Amino acid sequence: MRSLEKSNRHFRKAAARLPLGVSSNFRYWGDDKTIYVRRGKGARIWDIDDNEYIDYRLGYGPAILGYADERVDEAARAGMEVGGVFALGTEMEYEVASRISRMVPSAELVRFSNSGTEAVMAALRIARAFSGKDGHIVLEGGYHGVFNEVLWYAEVEDWEPKDGDPEVLPYSDGVPKVIKRLFHTVPLNDADALEDVLKQHHQDIGALLIEAIMGNCCSLTASREFLQDARSLCDKYNVVMIVDEVKTGFRVAKGGAQELLGVRADLCTFAKAMGNGYPIAVVAGREDIMRTVGDGVVHGGTYTAHSVSLAAANKTLEIIEETDALATIEKYGSDLQAGLGKILEERGIEHSFVGHPSMMGLFFSAEPPVDYRAWANTDYAFYDTMAPVLHDLGILVEPDSREPWFMCEAHDVECLGETLDKFERAVDITIDKLSAERNKTRTA
Ligand code: PMP
């Protein structure tokens with residue numbers, strides 16, 4: 001049985017100094033469940049109790065090649081020799097920007113940021129400046145970072161279709177309520193709903209933010225038709241279409257979700273996979289829109305294009321563009337799905353996979369939900385019960401069923417065999433646990 005004795009002890013110490021004992025709310029898994037990492041290598045991480053895990057979270061996606069990848073780290077060390085940041089540019093910015101433009105045709109002009117949040121913030125500001133309109137639309141279930149304009153969500157968990165549209169609520173205390181009037185939501189894959197909102201409010205809406213594969217909502221995926229309709233509606237109503245590729249970029253295809261699903265954004269944002277974990281992000285897009293930067297729009301920051309992160313991105317993108325790394329990752333994801341599917345089928349457990357094999361959502365229903373509203377009606381008790389069992393067995397998946405499973409190039413055949421063995425045990429333990437719970441409620 002896994003012991004978290006040292007992590008628990010460290011939690012008690014850390015919680016006295018850091019709120020929730022961590023540096024991001026999402027890393028707190030409960031007073032006795034919060035894990036502290038000693039190190040990661042390839043597809044595996046070790047916690048401070050020396051428990052070993054095969055990791056399918058990968059830091060929410062960045063470690064596309066695996067942790068501590070020697071090729072990227074060597075480049076990053078060379079980046080250290082450059083000296084950090086100078087409040088001046090370096091030549092490598094042009095080199096990396098050119099590679100990004102080559103890989104993602106819509107990325108005609110590129111600016112670097114430090115995090116996904118910063119890149120999406122910049123994209124929204126640029127979109128507002130270009131369109132002259134302050135509001136924006138987000139797809140229900142979408143997540144775009146920790147800043148006020150996007151920290152809102154459609155409350156679907158206690159929602160019934162007869163109630164009309166779900167209520168829109170702030171994700172966080174401290175988000176100014178006045179911003180709510182800028183924020184609109186529509187369900188994924190519902191072009192009629194999108195058109196209705198635009199017909200009513202287009203004079204106030206400057207941007208549509210789309211996660212084409214919802215990396216924060218079980219990889220629910222936009223249909224090609226929806227994306228085409230959304231594209232046309234944005235053109236018709238003078239709305240800047242922002243495809244947020246913070247999770248999908250340089251992962252689901254060399255040209256991201258735009259290449260995979262055949263859509264061309266006006267603006268797009270990247271982070272995570274582009275630096276294999278080093279903090280770097282990008283806002284990019286159509287030349288005429290991006291030219292507002294420097295012509296009225298402010299964009300910058302002390303740490304943008306830091307020499308270490310930039311060198312890491314240069315190497316990571318070189319590997320993604322010039323090798324078959326993404327094909328390897330996709331194949332691993334497909335093999336994993338086949339293996340997991342077989343185990344579930346043998347036990348008669350209904351399930352489905354969505355998204356892309358490199359970032360897949362696993363549902364315990366025969367048909368996957370089409371949008372976030374439908375997700376609220378799927379049975380996630382099985383997933384919620386199984387996730388901690390997998391953790392105990394050394395397979396790290398997100399406890400929240402909304403987070404997809406991420407694959408990296410370092411997931412190899414040993415990882416696959418071990419994952420399938422442990423998944424099989426976890427499923428059987430979960431079946432027993434749920435049936436014991438049912439019996440308990442029946443006899444109570
Ligand atoms: N957009 C999307 C689609 C994301 O998944 C995330 C992070 N999970 C962000 C933006 C914010 O990125 P960061 O955490 O780097 O600020």
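As the structure is a prediction and not an experimental result, all values here were calculated from the model. Every number for a ligand or one of its atoms is a count from 1 in the order of the listing.
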Need the ligand 1 atom indices (1-based, order shown) with element for anything under 4.0 Å from a heavy-atom of [X].
| X | result |
| --- | --- |
| Glu211 | 3 (C) |
| Asp244 | 1 (N), 2 (C), 3 (C), 10 (C) |
| Lys272 | 7 (C), 8 (N) |
| Gly116 | 11 (C), 12 (O), 13 (P), 15 (O), 16 (O) |
| Ser115 | 15 (O), 16 (O) |
| His144 | 1 (N), 9 (C), 10 (C) |

Got more than 12 heavy atoms from elsewhere within 6.0 Å of CD, Glu157?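 Atom CD in Glu157 is packed in, count exceeds 12.
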Taking atom CD as the centre, does Glu367 end up with more than 12 heavy-atom neighbours from other residues, nucleotides or ligands that are less than 6.0 angstrom away?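 Result for CD/Glu367: open.
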Does Tyr60 come within less than 4.0 Å of ligand 1, judged by its heavy atoms?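 Heavy atoms of Tyr60 never come under 4.0 Å of ligand 1.
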Tyr171-Tyr153 aromatic ring centre distance below 6.0 Å: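 Yes, close enough.
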Once the angle between the rings of His202 and Tyr237 is folded into 0 to 90°, is it parallel (under 30°), tilted (30 to 60°) or perpendicular (over 60°)? tilted
Using a heavy-atom cut-off of under 4.0 Å, does the side chain or the backbone of Asn216 touch ligand 1, or both, or neither? side chain
Between Glu118 and ligand 1, which residue portion shows a heavy-atom distance shorter than 4.0 Å: side chain, backbone, both, or neither? neither
Backbone N or O of Ala127 within a donor-acceptor pair of the Lys133 side chain at under 3.5 Å? no
Looking only at atom types and distance, does a side-chain atom of Tyr332 sit under 3.5 Å from a main-chain N or O of Leu416, one as donor and one as acceptor? yes
Do Tyr383 and Arg402 get their side chains close enough for a donor-acceptor pair, meaning under 3.5 Å? no
